[in-house]
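Every value quoted in this text rests on a predicted model; they were computed, and no experiment measured them. Proteins come first, then strands; the chains are lettered A, B, ... in the order of their sequence lines, and each starts at number 1.
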2 protein chains.
Amino acid sequence: MADNLPADTATRILDAAEALFAEHGFDGASMRMITSQAGVNLAAVNYHFGSKEGLFQEVFHRRLAELNKQRLACLDALEAESAGAAPKPSRVLEAFFGPALEMAADTARGGATFMRLLGRTYTEPAEFIRKFMAVEYAEVVERYTRALYAALPDVPKAEIVWRLHFMMGAVSYAFSGIDALALVTGRFDDDPALLKPRLTAFLLGGLRAPLPDGPEGKSGP
Amino acid sequence: MADNLPADTATRILDAAEALFAEHGFDGASMRMITSQAGVNLAAVNYHFGSKEGLFQEVFHRRLAELNKQRLACLDALEAESAGAAPKPSRVLEAFFGPALEMAADTARGGATFMRLLGRTYTEPAEFIRKFMAVEYAEVVERYTRALYAALPDVPKAEIVWRLHFMMGAVSYAFSGIDALALVTGRFDDDPALLKPRLTAFLLGGLRAPLPDGPEGKSGP
DNA sequence: GCAATAGTCAAACGACCGTTTGATCCGGAT
DNA sequence: ATCCGGATCAAACGGTCGTTTGACTATTGC
């Protein structure tokens with residue numbers, strides 16, 4: 001059951017917890033499952049992370065800190081490149097979802113596992129989870145909503161917030177990837193590398209869709 | 001803790017379970033929480049539903065059977081109306097997501113609660129859940145994918161399946177509605193009745209988006 | 001060489017889990 | 001009046017949960 005690479009005890013716990021939380025959820029993955037898969041003593045989790053909740057938070061912080069740092073760097077580069085002018089919506093979307101999609105494609109270092117976990121965690125309303133997710137995402141969401149406001153001046157801001165909401169739903173669902181559909185339609189045999197262009201095309205179409213009530217309002221270029 | 005309306009014992013259990021599963025998940029909602037909220041004896045669940053899993057399945061079957069019956073009826077009506085010709089994509093989408101959105105707006109009779117539960121359950125990979133979800137959805141998905149193939153002859157079938165996948169993600173995420181975003185951007189003060197036009201506009205934009213790789217392919221009218 | 005510290009370990013803690021049991025109640029058929 | 005089956009009930013079952021304890025080991029600083 002132990003990992004191939006011994007590594008640090010805390011790291012082995014984080015890796016095992018990431019995989020088991022993704023598969024069974026927070027309540028469904030027990031401390032004994034986690035520690036035995038990590039090949040460490042049961043008490044090690046409480047020693048290194050204080051509690052099961054502390055472990056859960058650290059599993060997320062380890063990945064999200066890196067992911068959101070990349071997202072901010074991408075946006076910085078994009079804004080520097082188009083000095084002063086508003087970047088195109090497609091570029092903003094790519095800056096936001098690109099790093100996540102790359103992480104989702106990284107099956108070797110556990111990125112894919114984490115994105116599955118992230119996808120299913122978005123829909124879990126446990127309070128301690130919502131709390132630290134809000135903290136972890138605060139800066140990124142703030143910067144990107146402002147970038148989208150500038151990129152889509154014709155679309156009302158409230159509409160943009162909603163659509164960002166919808167987009168994150170589509171993405172996290174694509175990650176959690178349990179394929180409720182695939183169970184019915186038969187498994188996709190497609191190359192998973194095709195997910196990125198397909199998803200971004202879909203998201204961009206939704207982001208720039210005509211406004212609901214009013215006339216056949218146009219939107220981005 | 002007991003409900004206002006005494007009603008049938010089995011029904012009271014189903015109502016309480018629906019709410020508690022939505023809030024805490026399958027593992028997080030215990031039998032004792034459910035039965036005490038329903039105001040019934042602990043053993044009543046096993047007597048009426050056999051097991052906790054049986055209860056969970058029945059919570060879903062009660063709502064999904066009705067929901068999918070409506071969806072099939074909507075599609076029947078749509079196909080009868082446009083005799084022979086392929087219905088417009090927007091009409092197909094409305095037939096599919098309309099009943100779900102109406103149920104989500106029904107806060108009085110618990111429909112909204114169930115749709116939150118449904119949203120978070122899509123991302124839970126527990127095997128017994130995936131099994132009966134596949135059974136429950138089989139006919140509806142089969143009929144609607146065929147309808148979308150006909151409605152969007154220019155879009156490759158694989159692409160349509162993917163996009164249906166993305167759309168269900170956006171919708172279920174909108175339902176689970178814990179508003180990971182709202183935590184950061186501040187709560188939406190908007191009328192929840194505006195969700196339907198906003199969501200359908202977004203979905204239609206995504207469904208008819210230009211294809212990813214090839215030329216600037218057009219799609220539906 | 002020795003004290004101090006960080007890490008690991010087996011074992012146990014009380015609490016809660018889903019399920020089962022057997023007694024008890026009750027309305028309708030015999 | 002009696003029996004019967006469905007429904008409800010308090011109580012208990014064996015297990016598993018997250019966490020804590022206290023002893024033991026290895027490493028560090030002086």
Side-chain angles (χ1 to χ4, degrees), chain A residues 1-3 5-62 117 121 124 126-129 131-132, chain B residues 1-3 5-62 117 121 124 126-129 131-132:
Chain A
M1 275 296 176
D3 286 334
L5 304 175
D8 190 38
T9 295
T11 304
R12 304 169 49 133
I13 293 174
L14 286 173
D15 291 341
E18 188 171 72
L20 289 168
F21 283 144
E23 190 171 346
H24 301 104
F26 178 74
D27 292 303
S30 73
M31 304 275 275
R32 286 165 178 82
M33 291 168 64
I34 293 167
T35 51
S36 83
Q37 176 152 143
V40 303
N41 187 271
L42 171 61
V45 169
N46 294 84
Y47 178 81
H48 285 281
F49 303 101
S51 66
K52 191 183 182 183
E53 288 194 5
L55 169 60
F56 193 77
Q57 287 184 233
E58 188 54 34
V59 166
F60 277 82
H61 180 73
R62 177 176 67 152
L117 172 59
T121 304
E124 290 205 13
E127 215 207 325
F128 86 94
I129 294 177
K131 281 273 184 61
F132 80 80
Chain B
M1 278 293 177
D3 286 335
L5 304 175
D8 191 40
T9 296
T11 305
R12 304 168 49 131
I13 293 174
L14 287 173
D15 291 340
E18 189 171 71
L20 289 168
F21 283 145
E23 191 171 347
H24 301 103
F26 179 75
D27 291 303
S30 73
M31 303 276 274
R32 285 163 177 83
M33 290 168 64
I34 293 167
T35 51
S36 83
Q37 176 151 144
V40 303
N41 186 271
L42 171 62
V45 169
N46 294 85
Y47 178 79
H48 286 281
F49 303 100
S51 65
K52 191 184 182 184
E53 287 194 5
L55 169 61
F56 193 77
Q57 288 184 233
E58 188 53 34
V59 166
F60 277 82
H61 180 73
R62 176 176 69 151
L117 171 59
T121 305
E124 290 205 13
E127 215 207 325
F128 87 94
I129 294 177
K131 281 273 183 62
F132 80 80

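Taking all atoms of both residues into account, the shortest heavy-atom contact from B:A19 to B:Q37 is CB-OE1, 4.4 Å. A pairwise comparison of heavy atoms in A:T9 and A:A44 identifies CG2-CB, 4.5 Å as the closest pair.
Counting to the nearest Å, the P atom of C:dG18 and the CD1 atom of B:I13 are 14 Å from each other.
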Tabulate protein N/O versus nucleotide N/O from nucleotides 5-7 of chain D, keeping only pairs under 3.5 Å, one per line.
{"residue": "D:dA7", "atom": "OP2", "partner": "B:Y47", "partner atom": "OH", "Å": "2.9"}

Can you name the atoms? Protein N/O to nucleotides 17-21 of chain D N/O, anything below 3.5 Å, with the distance.
{"residue": "D:dC17", "atom": "OP1", "partner": "A:S30", "partner atom": "OG", "Å": "3.1"}
{"residue": "D:dG18", "atom": "OP1", "partner": "A:K52", "partner atom": "NZ", "Å": "2.5"}
{"residue": "D:dG18", "atom": "OP2", "partner": "A:M31", "partner atom": "N", "Å": "2.8"}
{"residue": "D:dG18", "atom": "N7", "partner": "A:R32", "partner atom": "NH1", "Å": "2.8"}
{"residue": "D:dG18", "atom": "O6", "partner": "A:R32", "partner atom": "NH2", "Å": "2.7"}
{"residue": "D:dT19", "atom": "OP2", "partner": "A:K52", "partner atom": "N", "Å": "2.9"}

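Considering CD1 of B:I13 and NE2 of B:H48, their distance stands at 5.5 Å, rounded to 0.5 Å. Within the model, atoms CD1 of A:I34 and CG of A:D15 stand 12.0 Å from one another, a figure rounded to the nearest 0.5 Å. Note that OG of A:S51 is 7.5 Å distant from CE of A:M31, once rounded to the nearest 0.5 Å.
A side-chain donor-acceptor contact under 3.5 Å links A:K52 to the backbone of A:F26. In terms of modelled atom types and a separation under 3.5 Å, the side chain of B:T11 and the main chain of B:A7 share no donor-acceptor contact.
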The test is side chain to side chain contact (heavy atoms under 4.5 Å, CB included); show your working for B:F60 and B:F21 and say whether it passes. CA-CA 11 Å; B:F60 277 82; B:F21 283 145; over 6 Å; no
